[in-house]
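The next block holds one structure in the form of structure tokens; read it before the comments.
Predicted model, so just to flag it, every value in this text is computed and none were measured. Counting convention: from 1, in listed order, for ligands and their atoms alike. Starting from 1, each residue takes its place in the sequence as its number.
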Amino acid sequence: MEKSENLMEKIVALCKRRGFVFPGSEIYGGLANSWDYGPLGTELKNNIKQLWWQTFVHARADMVGIDAALIMSPKVWEASGHVAGFSDPLVECKKCHQRFREDQIGGVCPNCGSKEFNEPKQFNLLFPVRLGPTEDSSATAYLRGEIAQAMFVDFKNVLDSSRVRVPFGIASQGKAFRNEITPGNFIFRTREFDLMEFEYFVKPEEWEKWFEYWRGEMHRWLIAIGADMSKVHEHEIPDGERAHYSERTIDFEFDYPFGQKELYGLAYRTDFDLKNHFADAPYKDPETGEAYYPHVIEPSFGLDRTVLVSLLSAYQEDGERVYMKFPPRIAPYKAAVFPLLSNKPELVAKAKEIHAMLLAHPLPTAWDDRGNIGKRYFAQDEIGTPYCITVDFDTLGESHEELKDTVTVRDRDTGKQERMKISELKNFIAWKTYA
Ligand code: ATP
């Protein structure tokens with residue numbers, strides 16, 4: 001089925017109405033391009049983070065994780081090349097004086113259409129912060145502009161405290177901060193955002209093999225989060241356009257409603273970073289005793305862009321019905337429980353029992369006893385709840401003894417209902433939504 005027009009507007013509206021994403025600082029008139037994740041968006045985002053950690057750290061023998069400070073010594077960013085080179089070309093329109101990132105506008109002012117700009121200046125994206133009560137410039141530090149540096153800076157500590165051997169990876173998740181010239185497009189480009197990344201350390205001569213391997217794994221991940229793969233494209237970044245640390249980069253791009261743009265990056269960072277931070281080769285081959293600088297493959301996953309792609313890919317219209325076809329693993333709720341009628345205490349009591357049983361499992365489960373069943377299905381479809389469980393008079397065994405202690409379970413995608421024993425519910429939902 002063809003996806004609807006104005007998809008972006010529909011997603012932004014649905015996100016606000018149902019509590020996925022709200023405009024930041026809204027009651028004070030908002031803060032441009034800042035967004036808060038609401039109750040359901042937080043669940044979706046956390047589920048994606050957990051699935052990522054499960055996939056790339058817990059399920060592997062060759063990966064360990066760290067959780068590093070957001071404010072790092074300014075020396076890190078000097079050594080890494082970010083103070084000198086982490087910048088975007090800033091141009092100012094001569095006519096309307098608005099400022100833009102030169103590589104994003106194709107020579108035409110998006111505001112007034114003029115083609116005349118001042119000479120581009122390099123604008124550094126690092127956010128300075130002042131530490132402590134002094135005005136002294138030596139107390140200036142930076143919020144991290146990428147999360148990768150900690151995985152290089154902590155490299156020796158990880159080696160010395162764990163049993164990792166090349167090839168192995170160090171993974172991390174968390175916020176990065178960039179003073180973007182032109183943020184925008186909802187959660188696509190903001191000044192603070194969440195990243196999920198790992199640095200995978202390999203023998204220098206094996207980098208190409210691992211680059212291909214991680215390229216394949218990134219595809220598998222995209223399938224796992226339900227990305228519409230017909231909209232995913234790989235883009236090889238040519239010489240001269242790559243980040244200062246990279247010898248090869250492939251961007252994974254997505255057809256967003258506002259154009260084909262970057263979703264993830266896969267970079268071959270060579271030994272650039274370890275050489276910047278360590279005067280002596282930090283790794284010794286346990287077999288040959290040779291000391292060397294491992295080379296690095298870095299798959300980089302923007303979490304907010306992942307949330308956006310999962311929302312855009314999940315959105316389905318089916319006649320009157322809108323449903324979010326999230327893979328059950330990342331859906332905010334795994335199930336919802338309803339009493340057929342809210343004014344029948346026996347039905348409500350039984351439904352509450354089932355709700356409590358699923359919550360205790362623990363399976364995130366919604367409760368709804370408002371309006372009619374059709375409206376409740378509609379409301380759960382719109383937030384992507386895979387299964388709706390209804391307690392009716394048959395559950396109480398009022399007319400058919402053989403149906404006692406059974407409920408209806410409705411499937412989000414097909415709309416089909418089946419009857420199931422209450423005693424089977426827990427395993428069924430768990431198996432279907434965590435498999
Ligand atoms: P762009 O060219 O879009 O500015 P980039 O090439 O600078 O991105 P990287 O440095 O490769 O981006 O960052 C790694 C990942 O972080 C990107 O693939 C993207 O998913 C995410 N990302 C980068 N900048 C932002 C931002 N301002 N807001 C949200 N996510 C971002």
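Among residues two or more places apart in sequence or in another chain, the side-chain contact (heavy atoms from CB on, under 4.5 Å) test is passed with Pro133 by none. Partners of Thr190 according to the side chain to side chain donor-acceptor pair (under 3.5 Å) rule, which considers only residues two or more places apart in sequence or in another chain, do not exist here.
With 3.5 Å as the limit, one finds a donor-acceptor pair spanning the side chains of Gln149 and His277.
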* Which is it for Leu266 and Trp214 under the side chain to side chain contact (heavy atoms under 4.5 Å, CB included) test, yes or no, and what are the steps along the way? -> CA-CA 8 Å; Leu266 171 63; Trp214 286 116; 4.2 Å; yes
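Contact shell of ligand 1 (protein heavy atoms, cutoff 4.0 Å): Arg101, Arg178, Glu180, Phe188, Arg189, Thr190, Phe193, Leu195, Glu262, Leu263, Tyr264, Gly265, Ser300, Gly302, Arg305.
Here the OH-CG distance, from Tyr256 to Asn185, works out to 9.5 Å after rounding to the nearest 0.5 Å.
Within the structure, every pair that satisfies the ring-ring contact (aromatic ring centres under 6.0 Å, His included) test and touches residues 84-134, not counting sequence neighbours, is listed here: His82-Phe86.
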